[in-house]
Amino acid sequence: MDGNGRWAKKRGFPRTEGHRQGLMTARKLVQNCISKKIPQLTLFAFSQENFNRPPQEVNALLQIFSEAVSAWQQELKKNGVRLRFIGELERFPKALRLLMNSLQNQTKTGQNISLAVAVGYSGRWDILQAARRTADNFSEESFVAALATADMPPLDFLIRTGGEKRISNFMLWQAAYAELYFTDVLWPDFSDDDLQTALDSFADRERRFGHLSR
Ligand code: IPE
Ligand code: MG
């Protein structure tokens with residue numbers, strides 16, 4: 001979800017305004033994915049590298065994130081969203097971790113969509129933590145089962161907004177056969193129509209997984 005800062009700058013707003021607007025976009029997108037019967041959605045909200053931004057910005061992001069976690073509760077439950085957070089959650093303040101935990105527990109029975117919010121996540125971290133945890137009994141199967149994405153379906157489609165054409169340390173292992181989609185649309189502007197355009201592109205692709213065309 002890239003482009004919040006630029007969206008704000010274009011309008012002469014502080015960057016935090018872009019993050020707030022980006023959160024609204026995320027909320028709408030979850031609704032839209034439910035209507036489209038998309039069973040699994042992951043939002044890359046905050047990378048490990050984002051901790052290196054100026055403290056003012058990190059604090060603002062944590063503040064918005066905390067507010068969202070509280071404000072989103074009823075909506076998620078009402079809409080049957082099963083929420084989980086993936087990433088190195090230990091890097092977040094204790095109070096926020098408790099909120100995240102409680103939200104996960106409260107939405108455990110959601111049936112309409114499984115939503116993963118990646119925070120303090122990085123693809124290399126995920127590979128390393130899974131490797132560490134399985135070192136004694138290593139196999140591809142045990143490794144994959146130790147990744148943060150263990151009980152999610154395979155990553156089919158990866159959308160990056162905001163114009164950059166790179167993966168930026170997202171799901172490195174998981175993206176092996178993901179279809180990639182890059183759009184210049186800044187995240188706060190990413191609309192229902194933009195999602196549909198992206199999905200139309202996905203539908204047009206032939207996924208061969210290294211095999212020959214059928
Ligand atoms: C993405 O928007 C949101 C987060 C990384 C939290 P940016 O903050 O990267 O926005 P730009 O790239 O500066 O426009
Ligand atoms: Mg950015």
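Atoms within a ligand are numbered from 1 in the order they appear, just like the ligands themselves. Fair warning: this is a prediction, and the values are worked out from it, not measured in the lab. Side chains included, hydrogens not; waters and symmetry mates left out as well; all remaining heavy atoms used.
The shortest non-hydrogen separation linking Ala68 to Leu23 is CB-CD2, 3.5 Å.
Side-chain contact between Ile167 and Arg160 is absent, with no heavy atoms from C-beta onward closer than 4.5 Å.
In terms of polar-atom proximity, defined here as any N/O pair under 3.5 Å, Gly5 does make such a contact with ligand 1.
When hydrogens are left out, the protein atom nearest atom 1 (C) of ligand 1 is Met1 O, 3.0 Å; that is the closest non-hydrogen contact. Protein heavy atom closest to atom 2 (O) of ligand 1, with residue, atom name and distance, is Asn4 N, 3.2 Å. Atom 13 (O) of ligand 1 has its closest protein heavy atom at Arg15 NH1, 3.0 Å.
Using cut-offs of 30° and 60° on the angle between ring planes, the pair Phe190 and Trp187 is parallel. Taking the six-membered ring where tryptophan is involved, the planes of Phe92 and Phe51 are tilted, since the angle between them lies from 30° to 60°.
For the Mg ion (ligand 2), the set of nearby N, O or S atoms under 2.8 Å includes one belonging to Asp2.
The residue from Glu164, Arg53, Glu57, Arg6 that puts a heavy atom closest to atom 8 (O) of ligand 1 is Arg53.
When heavy-atom distances to ligand 1 are checked against a 4.0 Å cut-off, Leu61 comes that close only through its side chain, counted from C-beta outward.
Side-chain N or O atoms of Asp126 include none that pairs as donor or acceptor with a backbone N or O of Ser122 at under 3.5 Å. Checked by atom type and distance alone, the side chain of Lys37 never pairs as donor or acceptor with a backbone atom of Ser35 at under 3.5 Å.
Between Phe202 and Tyr181, a ring centre-to-centre spacing not shorter than 6.0 Å is recorded.
The ligand atoms of ligand 1 that sit less than 4.0 angstrom from a heavy atom of Asn50 are 5 (C). Short contacts between ligand 1 and Asp2, defined as distances under 4.0 Å to a heavy atom of the residue, involve ligand atoms 1 (C), 2 (O), 7 (P), 9 (O), 10 (O), 11 (P), 12 (O).
Using a non-hydrogen distance threshold of 4.0 Å, Gly3 registers as a contact of ligand 1. The closest approach between any non-hydrogen atom of Ala45 and ligand 1 is below 4.0 Å. Close to ligand 1: His19, with a non-hydrogen atom less than 4.0 angstrom away.
At a cut-off of 3.5 Å, with distance as the only test, no side-chain donor of Asn169 or Gln48 sits close to an acceptor on the other residue.
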